[in-house]
Amino acid sequence: QVQLVESGGGLVQAGGSLRLSCAASGRTFSNVAMAWFRQAPGKEREFVAAISWRGGTTTYADSVKGRFTISRDNGKSAVDLQMSSLKPEDTAIYYCARHLRRIPTVVVSDYGSWGQGTQVSVSS
């Protein structure tokens, strides 16, 4: 029932910025937490950032804290990830995810819906 579509990925040089967007459709978008995960070749999917159901609480991986900002607009059924000061190690496919509950966690299995992913590539 829930559809998540990411956009905004691309190729940038180190130090650059990108803004990823996730458009959601379906029932109860506003009632659960949302998050961004990423997966690089040969690595497991890892947590990046999450935001609570009303946007009052945000959580970030240590590797991106201070550089990435997650936000949501429930009226537009959208969640964004503003990425700044990008590093080559940020290169990955970025996925939007819908939590099963209102408060975010960093556990992959706690999320019930996933987008198709958008590629972010950062060159040296």
Side-chain angles (χ1 to χ4, degrees):
Q1 182 179 3
V2 177
Q3 301 287 332
L4 302 175
V5 180
E6 303 96 334
S7 63
L11 174 63
V12 299
Q13 292 190 339
S17 299
L18 285 173
R19 188 177 186 91
L20 306 183
S21 295
C22 174
S25 63
R27 196 179 69 87
T28 66
F29 169 82
S30 300
N31 294 337
V32 296
M34 299 290 294
W36 289 92
F37 287 75
R38 67 187 182 187
Q39 187 167 21
K43 299 182 64 177
E44 291 188 353
R45 190 167 300 186
E46 66 174 348
F47 173 80
V48 176
I51 187 166
S52 61
W53 70 305
R54 291 180 174 175
T57 300
T58 56
T59 304
Y60 297 92
D62 289 341
S63 60
V64 307
K65 189 173 181 62
R67 300 187 298 119
F68 292 9
T69 301
I70 188 171
S71 61
R72 70 187 297 166
D73 185 338
N74 290 338
K76 298 180 179 179
S77 298
V79 57
D80 291 352
L81 184 69
Q82 176 65 50
M83 306 185 295
S84 300
S85 301
L86 285 163
K87 305 174 181 179
E89 50 262 46
D90 294 320
T91 296
I93 300 176
Y94 283 69
Y95 297 90
C96 176
R98 182 179 185 270
H99 205 282
L100 295 172
R101 298 176 180 176
R102 296 181 177 181
I103 307 301
T105 68
V106 303
V107 181
V108 170
S109 61
D110 287 345
Y111 293 81
S113 300
W114 297 84
Q116 82 288 348
T118 185
Q119 177 71 49
V120 172
S121 299
V122 185
S123 61
S124 301

Residue Glu44 excluded, over 12 heavy atoms near CD under 6.0 Å = no
inquiry  = Quick check: closest heavy atoms across Ala92 and Ala40, and the distance to 0.1 Å?
reply    = CB-N, 3.8 Å
message = Minimum heavy-atom separation for Glu6 and Gly115, please, with both atom names.
response = OE2-CA, 3.2 Å
Closest heavy-atom pair and its distance - Cys96, Met34 = SG-CE, 3.6 Å
note = Taken to the nearest 0.5 Å, the spacing of Ser63 OG from Asp90 CG works out to 7.0 Å
inquiry  = In this structure, would Trp114 and Val106 fall into the same cluster of hydrophobic residues linked by side-chain contacts under 4.5 Å?
reply    = yes
key: From CD (Gln116) to CD (Gln3), nearest 0.5 Å   = 10.0 Å
task = First locate atom CD1 of Ile70, then atom CD of Gln82, and finally report the distance between them rounded to the nearest 0.5 Å.
result = 12.0 Å
query = How many angstroms lie between atom OG1 of Thr58 and atom NZ of Lys65, to the nearest 0.5 angstrom?
reply = 6.5 Å
note = Residues Val108 and Arg45: closest non-hydrogen pair is CG2-O, 4.1 Å
key: Asp80/Arg19 ion pair, N-O < 4.0 Å   = yes
inquiry  = Applying the side-chain contact (heavy atoms from CB on, under 4.5 Å) criterion to Arg38, which one of Ile93, Val120, Val64, Thr118 satisfies it?
reply    = Val64
message = Are the side chains of Tyr60 and Thr69 in contact, using a 4.5 Å heavy-atom criterion?
response = yes
request  = Could you tell me whether the side chain of Val12 reaches within less than 4.5 Å of the side chain of Met83, counting heavy atoms only?
outcome  = no
ask   = Any donor-acceptor pair under 3.5 Å linking the side chain of Arg54 with the backbone of Asn74?
value = no
query = So Tyr94 and Phe68, would you call those rings parallel, tilted or perpendicular, with 30° and 60° as cut-offs?
reply = tilted
note = All heavy atoms of Trp36 vs all of Val79, minimum pair found to be CZ2-O, 3.6 Å
request  = Specify the closest pair of heavy atoms between Ser113 and Val2, including all atoms of both residues, with the distance to one decimal.
outcome  = OG-CB, 3.7 Å
task = With the side chain counted from C-beta on, respond yes when His99 and Asp110 share a heavy-atom pair under 4.5 Å apart, and no when they do not.
result = yes
